[in-house]
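Report on one structure; see the data block that follows.
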Amino acid sequence: MIEIRNAAVSYRDPSGARVEVAQDLNLTLARGEMVYLIGPTGSGKSSLLKLLYMDVQPEYGVVRVGPYQSDTTKPHDVPFLRRMLGVVFQDFQLLPDRSAYDNVAFALHATGHRGAEVRQRTMDALSQVGISHRAQAKPSEMSGGEQQRACVARAIVNDPMLLLADEPTGNLDPRVADEIQKLLIKLNRQGMALLMATHDYRLVRSFPARTLALVKGRLVEVDPESL
Ligand SMILES: Nc1ncnc2c1ncn2[C@@H]1O[C@H](COP(=O)(O)OP(=O)(O)OP(=O)(O)O)[C@@H](O)[C@H]1O
């Protein structure tokens, strides 16, 4: 259902020269699978996630997400592809002047939902992440953990098949990081595939799952216990 085949990622440097970040990337994610993506800073973890939400096109090779394939998906189809994915970032990226409720409801409005359905689904998502009592709080009134829970609610409210998490615990202390990780694992067990980029080897050891490392531009399977 989710596949990267022989793909490479490259960018242009300021002089216009092509700089290859990753080559021969191969990844298959089964329905409901959980995978960690580790690697040193700058190794290309975020770029690999961007391949999947088609923010970056592969230099060569193919990316498939459900029925969408990178070489045939038109720009106007990308928003439909993204409805199948939820994305959570390290730096939350909540709208600062809106409540947790509005931040989550916004994602539903963007996909054409209206009225009572928005209210019901927004409150369900906030309940699932444990912050329904903070629905009216603005980001500045919420703890880091609460803000990340609101981001997770926003990411899951459209019921995605895959949750992409890019360093979701990077701004949180270890206790709160563990709570967020438990939340992501709970959602994964309910059937949502999870691909999580992280630097936090302590977290990977505490909650082991299939772990892939980006090493010199290539994906290598590693034993989480060995980290
Ligand atoms: N839009 C871009 N234009 C040019 N170079 C880029 C662009 N995005 C990323 N890069 C470069 O590609 C490389 C991989 O970046 P990427 O953000 O994917 O790595 P990462 O493993 O996620 O890093 P970190 O752990 O620090 O977040 C880096 O050298 C980065 O500078």
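We count ligands from 1, going down the list as the structure has it; atoms in each ligand are counted the same way. Below, each value reflects all heavy atoms present in this structure, side chains not excepted, and no hydrogens, waters or symmetry copies.
- Every residue was checked against the side chain to side chain donor-acceptor pair (under 3.5 Å) condition with Asp200, not counting sequence neighbours, and none meets it.
- Each salt bridge (Lys or Arg N to Asp or Glu O under 4.0 Å) pair with one or both residues in residues 77-92, not counting sequence neighbours, appears once here: Asp55-Arg82.
- Under the side-chain hydrogen bond (donor to acceptor under 3.5 Å, both in side chains) criterion, the residue pairs touching residues 140-152 are Arg134-Glu146, with sequence neighbours excluded.
- Without hydrogens or angle criteria, Arg205 side chain to Leu227 main chain gives a donor-acceptor distance under 3.5 Å.
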Enumerate, one pair per line, all nitrogen or oxygen atoms of ligand 1 lying under 3.5 Å from a protein nitrogen or oxygen, stating the separation to 0.1 Å; write 'none' if no such pair exists.
residue  : atom   : partner : partner atom : Å
ligand 1 : 18 (O) : Ser47   : N            : 2.9
ligand 1 : 18 (O) : Ser47   : OG           : 2.5
ligand 1 : 19 (O) : Gly44   : N            : 3.2
ligand 1 : 21 (O) : Ser43   : N            : 3.1
ligand 1 : 21 (O) : Ser43   : OG           : 3.4
ligand 1 : 21 (O) : Gly44   : N            : 2.9
ligand 1 : 21 (O) : Lys45   : N            : 2.9
ligand 1 : 21 (O) : Lys45   : NZ           : 2.9
ligand 1 : 22 (O) : Ser46   : N            : 2.8
ligand 1 : 22 (O) : Ser46   : OG           : 2.8
ligand 1 : 23 (O) : Gly42   : N            : 2.9
ligand 1 : 25 (O) : Lys45   : NZ           : 2.7
ligand 1 : 25 (O) : His199  : NE2          : 3.2
ligand 1 : 26 (O) : Thr41   : OG1          : 2.4

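- Remark: of the listed residues Val129, Leu163, Thr169, Leu163 is the sole one forming a side chain to side chain contact (heavy atoms under 4.5 Å, CB included) with Leu184.
- Here Arg119 does not pair with Glu117 in a salt bridge; the nearest charged N to carboxylate O distance is not below 4.0 Å.
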